[in-house]
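Just so it is clear, the structure is predicted and the values come from calculations on it, not from any experiment.
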There are 2 protein chains.
Amino acid sequence: MRDDDIATLLRALGHPVRLNILRISATQQQGQCCCADVTESLPLAQSTVSQHIKVLLDAGLITRQPRGTRNCYIVQHDRLAELGAAYSGMLAGLTPASPKLEAEPA
Amino acid sequence: MRDDDIATLLRALGHPVRLNILRISATQQQGQCCCADVTESLPLAQSTVSQHIKVLLDAGLITRQPRGTRNCYIVQHDRLAELGAAYSGMLAGLTPASPKLEAEPA
DNA sequence: TTTTTTGATCGTTGATTTACGATAGAAGAT
DNA sequence: ATCTTCTATCGTAAATCAACGATCAAAAAA
């Protein structure tokens with residue numbers, strides 16, 4: 001995963017409202033939520049919520065599933081895990097114990 | 001850790017240049033780097049690098065240590081780990097296996 | 001068909017971010 | 001004391017973000 005992609009994902013998650021959307025979605029029945037669920041829970045206009053949803057959608061952190069008159073959003077846990085792995089990998093590369101793994105192999 | 005704080009940290013990390021600064025710092029001798037180290041490595045003006053450093057500094061992801069005429073920056077691994085833990089915790093709260101840990105305790 | 005519900009999109013406004021050059025200050029070298 | 005080096009900060013311009021109201025499209029209900 002390139003730095004650019006990691007940064008984009010981090011920025012997509014870097015807003016309290018968007019963290020909340022993920023949480024609301026997971027809390028809702030079947031791990032899905034619609035725009036209205038979020039709009040009811042937060043003091044924001046519907047259009048604002050829709051915008052935040054779009055950011056998560058573009059980042060692949062949720063997917064859309066049209067269901068009747070409403071759209072359901074499902075958290076993409078694998079994508080979140082992917083970022084988690086990339087983050088851990090970065091931490092490992094940053095730790096002072098193994099600066100470049102160039103020496104002391106034995 | 002509040003959502004607000006998590007979001008702030010995620011945003012601080014959400015730029016490829018800043019990820020690079022952390023990496024450069026860790027690669028440098030003693031896990032420290034100065035502004036010039038970064039400016040040499042990246043095609044950016046010194047003032048721009050200084051700005052990015054400030055973002056990391058404000059987020060507590062690095063600390064400053066004046067050394068002679070230059071400033072050394074040290075990655076705060078514990079802060080990075082803190083964020084990692086908060087992220088993992090969020091993932092755990094989001095996983096469909098344990099929506100609210102309200103049932104099946106046995 | 002008409003109405004209602006749900007939600008995406010448009011246009012706008014204000015705030016924040018990113019990048020730059022220029023400047024200034026502090027520490028070390030001459 | 002003067003000069004050089006390193007870097008923070010200022011001011012600015014362009015881009016992006018965050019929030020809103022208004023509008024439009026599609027599906028379901030009447």
> Under 3.5 Å, is there a donor-acceptor pair linking the side chains of B:S25 and B:Q32?
Replying inline: no
> Just one of A:D5, A:I6, A:T8, A:D4 clears the side-chain contact (heavy atoms from CB on, under 4.5 Å) bar with B:P16, so which one?
Replying inline: A:D4
> In whole angstrom, what separates A:D58's CG from D:dC17's P?
Replying inline: 10 Å
>> Distance check needed: D:dT16 P versus A:R11 CZ, whole Å only.
In response: 10 Å
> Base, sugar-phosphate, or nothing: which does A:R18 touch, judged by heavy atoms less than 4.0 Å apart?
Replying inline: sugar-phosphate
>> As a quick check of understanding, evaluate side-chain contact (heavy atoms from CB on, under 4.5 Å) for B:L13 and B:R18, giving each step before the final call.
In response: CA-CA 6 Å; B:L13 287 175; B:R18 292 196 284 272; 6.0 Å; no
> Going through the checks in order, is the side-chain contact (heavy atoms from CB on, under 4.5 Å) test met by B:N20 and B:S41?
Replying inline: CA-CA 9 Å; B:N20 249 294; B:S41 302; over 6 Å; no
>> Between A:N71 and A:C35, does the side-chain contact (heavy atoms from CB on, under 4.5 Å) criterion hold? Intermediate values first, please.
In response: CA-CA 7 Å; A:N71 282 336; A:C35 185; over 6 Å; no
> What's the shortest heavy-atom distance between B:A59 and B:R79, and which atoms?
Replying inline: O-NE, 2.9 Å
> Roughly, in whole Å, what's the span from CZ in B:R70 to P in D:dT4?
Replying inline: 18 Å
> Under 4.0 Å between a side-chain N or O of A:H52 and OP1 or OP2 of D:dA19?
Replying inline: yes
> How long is the line joining CG of B:L42 and P of C:dA19, in whole Å?
Replying inline: 10 Å
>> If I take atom CD in residue A:Q65 and atom P in nucleotide D:dA26, what distance separates them, rounded to the nearest angstrom?
In response: 20 Å
>> Using a 4.0 Å heavy-atom cut-off to protein, can you give one letter per nucleotide of nucleotides 20-26 of chain C, 5' to 3': B if the base is in contact, S if only the sugar-phosphate is, - if neither?
In response: BBB----
>> Without decimals, in angstroms, what is the distance between B:R64 CZ and C:dA27 P?
In response: 13 Å
> Counting N and O atoms only, with roles assigned by atom type, does the side chain of B:R11 sit under 3.5 Å from a partner on the main chain of A:R11, one being a donor and the other an acceptor?
Replying inline: no
> Expressed in angstrom and rounded to an integer, what is the separation of A:K54 atom NZ from D:dA18 atom P?
Replying inline: 14 Å
>> Just N and O in the side chain of B:H15: are any of them under 4.0 Å from OP1 or OP2 of C:dA19?
In response: yes
> Between C:dG7 atom C1' and A:E40 atom CD, what is the distance in whole Å?
Replying inline: 13 Å
